[in-house]
Number of protein chains: 2
Amino acid sequence: MPVPKSLLGRAFTLLGVFSEQRPSATLSELSRLSGLPLSTTHRLVRELLQWRALDRDARGRYSIGLRLWELGALSPGSLDLRERALPFLEDLVEVTRHNAQLAIRDGLDAVFVERLSARDAVSVVSRAGSRLPLHATGVGLVLLAHAPAQVQELALASPLRRFTSRTICAPARLREALAQVRRDGYAISDRQIEMITYSVAAPVRDAGGEVVAAVSVVLPTGARTDAAVSAVRTCGRAISRALGAP
Amino acid sequence: MPVPKSLLGRAFTLLGVFSEQRPSATLSELSRLSGLPLSTTHRLVRELLQWRALDRDARGRYSIGLRLWELGALSPGSLDLRERALPFLEDLVEVTRHNAQLAIRDGLDAVFVERLSARDAVSVVSRAGSRLPLHATGVGLVLLAHAPAQVQELALASPLRRFTSRTICAPARLREALAQVRRDGYAISDRQIEMITYSVAAPVRDAGGEVVAAVSVVLPTGARTDAAVSAVRTCGRAISRALGAP
DNA sequence: GCCCATCTCCCGGTCAGTGGAAACGACTCT
DNA sequence: AGAGTCGTTTCCACTGACCGGGAGATGGGC
């Protein structure tokens, strides 16, 4: 992958070195992983430090700085959706005793904008900021089912990544699942990401009635889902109302 | 304020136009508010769109893009502190029935990295991403009391902003309050930001024993604080342990 | 249809950014 | 104490990415 010529491109390539698996890096690692020459990397890092987009710890490791977090907190997904949804997610956790998640669609991914945990609940792999493919998650099935037809066709035409032996990988199976989600008004994701979890997801709509997010709880495999379905759908409607949905 | 000469400086100045009060803006607004010429603004905005750092809606208004939120979610304050603290904050809300907050210090500000709300609790002005001066908040008093002496002296030497008639504005009063926080191991903030709220805050320590955050609940003015003090201190210790504190 | 505001695009000029090389600092080993 | 290694920092001649005024395009309101 060639290094971008533009300065902004280089800065974002540098920032892109950080991930959940690598939340910090040395200067040399940043240079090596971004493909930028060492002195170029040094200059960019110095300026990103000045703008608080990066921080440096006592041992010379760099990590994402507070300023990027603050800027990110101004995104509509955070400032509007997530802040309004939080009280309802807390209700959902309290009522169902399971972990709750809120996700939006970005391309063919579900991006988790919040995850609240319940005491003693089955653990989940996502955290705020995680991405998972749409087809393999409850929230993703809801988001895809209500996405523009073009997005659905693109998803059906793309390789569908397998996570467990039960992950939906056949386009025909996915198409059928999406139709069922639209009929039912919710999705149940059965052992798609891990063999130990179900998830139950429902849509969240905005003032225009568009599905802009999905909310879910994650249950242990084999748990009864009917009460969870009711709770999640109710939560989805409450969040929708908070967003101004009719 | 002159426009920075560096491209990164200009980009951050542009992004700095966005705030909680102004989460979106048109191209012309971005140019006017940042001080950048229109065509310069247009070029920068176009590239920030490409990198998903900005988004544009159907009516031509720009807002912070998902990529900045994702990058920000990788900051230590979010990925390490906030993700680990969330379950304990949820516990605190459930037990005390009050809104809970988690904040870190940045200069002379308390930056709220999380705020969970309780049903029917007194509302609070902060949200994730908000800043308030240290001296005027419970979390801020805790963070300042345990900050390096140089930071404390700087705060004492700086103008102390008044929010209510009870806000601490005299350096001597603040010094005394900080000493008491260190003695007690917690802070009670009495009608400092609004006349209708107290807050009770306790420290959160890292593996090295340093105070890296503070947790609080917000009570209506006049409410008994003793039970809240116990709950908040217990929560602070639990989060500390999750961060590897001894 | 006209006016106005906003947005988009062009392109000659220039200075902010480039990156290899040298110097510096910290650490380890003998 | 000295040598070697590794990572970081600094320098500076060169250059092309960026600059931004101005012309044109677009869309909304009257």
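Small disclaimer: the values here were computed from a predicted structure and weren't measured. In what follows, every chain begins at residue 1, and chains take the letters A, B, ... in the order their sequences are listed.
Both Ser6(B) and Leu38(B) lie near DNA chain C, and the one whose nearest nucleotide falls closer to the 5' end is Leu38(B).
Rounded to an integer number of Å, the gap from NZ of Lys5(B) to C1' of dT14(C) is 10 Å. The CZ atom of Arg32(B) sits 11 Å away from the P atom of dA5(C) (whole-angstrom rounding). The interatomic distance linking Glu29(A) (CD) with dT8(D) (P) rounds to 8 Å, in whole Å. We find that CD of Gln50(A) is positioned 14 Å from C1' of dA16(C), with the value rounded to whole Å.
For Glu47(A) and Ser6(B), the side-chain atoms include at least one donor-acceptor pair closer than 3.5 Å. In this structure, a donor-acceptor pair under 3.5 Å is present between the side chains of Ser24(A) and Arg61(A). Side-chain atoms of Gln101(B) and Ser126(B) form a donor-acceptor pair, as typed in the model, at a separation below 3.5 Å.
Using a 4.0 Å cut-off, some side-chain N or O of Ser28(A) falls inside it from OP1 or OP2 of dT8(D). Side-chain nitrogen and oxygen atoms of Arg10(B) include at least one within less than 4.0 Å of the OP1 or OP2 phosphate oxygen of dC19(D). Contact check, Thr26(B) against dT6(C): no side-chain N or O comes under 4.0 Å of OP1 or OP2. Remark: Thr40(B) is in phosphate contact with dG20(D), judged by side-chain N or O atoms under 4.0 Å from OP1 or OP2. Put simply, Arg43(A) has no side-chain N or O that comes within less than 4.0 Å of OP1 or OP2 on dG19(C). For Arg59(B), no side-chain nitrogen or oxygen approaches OP1 or OP2 of dG28(D) to under 4.0 Å. A close approach under 4.0 Å does occur between a side-chain nitrogen or oxygen of His42(A) and OP1 or OP2 of dT9(D). Listed pair Arg46(A) / dT9(D) fails the phosphate criterion, with no side-chain N or O lying under 4.0 Å from OP1 or OP2.
Under the 4.0 Å criterion applied to side-chain N and carboxylate O atoms, Glu114(A) and Arg82(B) are assigned as salt-bridge partners.
Aromatic ring pairs are classed by plane angle as parallel below 30°, tilted from 30° to 60° and perpendicular above 60°; the pair Phe12(A) and Trp51(B) is parallel.
The Ser39(A) side chain lies nearest to dC11(D) when the options are dG22(D), dC11(D), dC18(D).
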